[in-house]
Asker: 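Right, I'll just put the structure down here and ask away after.
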Amino acid sequence: MKKINLGFAILMFAILVFTGCASTGGLTESQKVGAKNSPAALVTVLVSDRAEWIELTEDSYAKMNDGKKFLSETGSVKAQVIPEELINASAIELKNGLEQAGGFTFVNDKVVNDALAKAIEKAEKKSGWNKAKKVLSGDLGGILTDAAANVAGAAITEGLQAIGMKMFTVTTPAGYYEATPSDEDLTKAVVSAAKKNKQKASSLVYATVEYSIQPFPATNVPTKAYCLTTIYITDDSGKLQKQVNGVVFSSPVNWNEFIANPSILINKFPMLMKESIELTTSNLNVKTKLFEVPKLEVTTERLISDSSFGFHPAKKAFTDGGK
């Protein structure tokens, strides 16, 4: 599986989130988002490869326990690797949900995967040839710049984690490839392949399944595990048409109890995954009400919205189609 860094850190808590009406009752099958955007190409599914949290210093914990703001508080970043079995199960559950609850029908998986594989191979060869041309022409500066950027990126990640910032990363489950709407060559390859196979895709679907830990600044500092599922639907040119987010939280536990035994929340992920995917795929018609901006509370159990949540580190390539 290939890891993908989505590029920026998320803070230790969310201040505000958008939510909306979560009902699709009264809609006919043809009125549902999935049916209206089918047949579709399920381009990729991206899943968290780890869940991170901040193990606070004693001073920071004391300040949080007093109800003080903790945006600047520090601690060391800890992480739990998400098992490959759960990553793959997330992708299977997601596709089933999109078909059964979301009303989607998809073009043949092999058509999509073969097109992506060929397009990615072509891109990699092109990239390798460009580097070779730089060497032949004596342009080592470009290669050194690329290497320096990679080193700098690693250093930035380590630096952010050292001051207590989490870095959100995802991976591709078995049978999927890294792709976003900003990868125009990949988008075109999928659409072209679908048309050649007489399975013209009217839309492209991308999805993320995220696992994480959410702390709250309150008495005894409670915390929760959560799973957030996000569905992105674009037209056949990669322009974003619809985004739906559904998140489900576990019951809260005391922060110190969690630090002493992370499994009390980590073990909730399989259940949270199923509920989050069901919530999202069954509410693809959701539309956030204007000015409906509730505060995320310890008692919050689930949220559904067509806008990104405050704690959601969505990549720009998803939110605007990379345009």
Asker: Between the side chain of Ser250 and the main-chain N/O of Leu265, is any donor-acceptor distance below 3.5 Å?
Answerer: no
Asker: Is there a path of hydrophobic side-chain contacts, each under 4.5 Å between heavy atoms, that joins Leu86 and Ile264?
Answerer: yes
Asker: Heavy-atom distance under 4.5 Å between the side chains of Arg302 and Phe249, does that happen here?
Answerer: no
Asker: Testing the 3.5 Å rule here: is there a donor-acceptor pair between the side chains of Asn245 and Ser305?
Answerer: no
Asker: Measure the spacing between CD1 of Ile233 and CG of Asn37 and express it to the nearest 0.5 Å.
Answerer: 5.0 Å
Asker: For the residue pair Thr187 and Tyr206, what are the closest heavy atoms and their distance?
Answerer: OG1-OH, 3.5 Å
Asker: Tell me, with the steps shown, if Glu52 and Lys78 meet salt bridge (charged side-chain N to carboxylate O under 4.0 Å, His left out).
Answerer: CA-CA 6 Å; Glu52 293 188 340; Lys78 302 295 181 182; over 6 Å; no
Asker: Heavy atoms, side chains only, cut-off 4.5 Å: are Phe106 and Pro39 in contact?
Answerer: no
Asker: For residues Val248 and Val253: do they belong to one hydrophobic cluster (side chain heavy atoms under 4.5 Å, members Ile, Leu, Val, Met, Phe, Trp, Tyr)?
Answerer: yes
Asker: Would you mind reporting whether Pro222 and Trp255 have side-chain heavy atoms less than 4.5 Å apart?
Answerer: no
Asker: Answer whether the closest heavy-atom distance between the side chains of Val244 and Thr229 falls below 4.5 Å.
Answerer: no
Asker: Check the orientation of Phe258 and Trp53. Use parallel for under 30°, tilted for 30 to 60°, and perpendicular for over 60°.
Answerer: perpendicular
Asker: When clusters are formed by joining ILVMFWY residues with side-chain heavy atoms under 4.5 Å apart, either directly or through shared neighbours, do Ile304 and Met271 land in the same one?
Answerer: yes
Asker: Check Val209 against Cys227 and note the closest heavy-atom contact, atom names and distance.
Answerer: CG1-SG, 3.6 Å
Asker: At what distance, to the nearest 0.5 angstrom, does OG1 of Thr171 lie from CD1 of Ile87?
Answerer: 5.5 Å
Asker: Please report the closest heavy-atom contact between Ala189 and Ala115, naming both atoms and the distance.
Answerer: O-CB, 3.6 Å
Asker: Which atom pair, heavy atoms only, marks the closest approach of Val191 to Asp236?
Answerer: CG2-O, 3.3 Å
Asker: Side chain to side chain contact (heavy atoms under 4.5 Å, CB included), that's the test. Do Leu116 and Val43 meet it? Break it down for me.
Answerer: CA-CA 8 Å; Leu116 286 172; Val43 180; 4.2 Å; yes
Asker: Less than 4.0 angstrom from a charged side-chain N to a carboxylate O is my criterion; do Lys95 and Asp109 meet it?
Answerer: yes
Asker: Determine, step by step, whether Lys239 and Asp235 satisfy the salt bridge (charged side-chain N to carboxylate O under 4.0 Å, His left out) criterion, reporting the C-alpha distance in whole Å, the side-chain angles of both residues, the deciding distance to 0.1 Å, and the verdict.
Answerer: CA-CA 6 Å; Lys239 183 178 180 181; Asp235 60 20; over 6 Å; no
Asker: Would a distance-only check, ignoring hydrogens and angles, find a side-chain to backbone donor-acceptor pair under 3.5 Å from Thr234 to Leu240?
Answerer: no
Asker: Out of curiosity, Asp306 CG to Leu284 CG, how far, rounded to the nearest 0.5 Å?
Answerer: 11.5 Å
Asker: Below 4.5 Å, heavy atoms only, C-beta onward: do Asp49 and Val170 meet side chain to side chain?
Answerer: no
Asker: Roughly how far, to the nearest 0.5 Å, is CD1 of Ile92 from CD1 of Ile277?
Answerer: 10.5 Å
Asker: Keeping Asp183 on the side-chain end and Thr180 on the backbone end, is there a donor-acceptor pair under 3.5 Å?
Answerer: yes
Asker: Do Val111 and Phe104 sit in one hydrophobic cluster, given that two such residues count as connected whenever their side-chain heavy atoms are within less than 4.5 Å of each other, even indirectly?
Answerer: no
Asker: Where do Lys224 and Thr299 come nearest, in terms of heavy atoms and distance?
Answerer: NZ-C, 3.8 Å
Asker: Donor-acceptor pair, distance only, cut-off 3.5 Å: does the side chain of Ser276 make one with the backbone of Met273?
Answerer: no
Asker: With a 4.5 Å cut-off on side-chain heavy atoms, are Leu46 and Tyr176 touching?
Answerer: no
Asker: Between Tyr211 and Ser90, does any side-chain donor sit less than 3.5 Å from a side-chain acceptor?
Answerer: yes
Asker: Between Thr230 and Glu210, is there a side-chain heavy-atom distance shorter than 4.5 Å?
Answerer: yes
Asker: Are Val107 and Tyr177 grouped together when hydrophobic residues (ILVMFWY) are joined by side-chain heavy atoms under 4.5 angstrom apart?
Answerer: yes
Asker: With rounding to the nearest 0.5 Å, note down the distance linking CD1 in Ile120 to NZ in Lys118.
Answerer: 13.0 Å
Asker: For Lys242, does the NZ atom sit with more than 12 other heavy atoms under 6.0 Å from it, leaving out its own atoms?
Answerer: yes
Asker: Check whether more than 12 heavy atoms from other residues, nucleotides or ligands sit under 6.0 Å from atom CD of Glu301, and answer yes or no.
Answerer: no
Asker: So, for Val205 and Leu98, which heavy atoms are closest and what is the spacing to 0.1 Å?
Answerer: CG1-CD1, 4.2 Å
Asker: Under the 3.5 angstrom rule, does the side chain of Ser282 hit a backbone N or O of Glu278 as a donor-acceptor pair?
Answerer: yes
Asker: If you round to the nearest 0.5 Å, how far is NZ of Lys268 from OG of Ser251?
Answerer: 6.5 Å
Asker: Please test Val112 against Asp114 for side chain to side chain contact (heavy atoms under 4.5 Å, CB included), starting from the C-alpha separation and ending with a verdict.
Answerer: CA-CA 6 Å; Val112 174; Asp114 286 350; over 6 Å; no
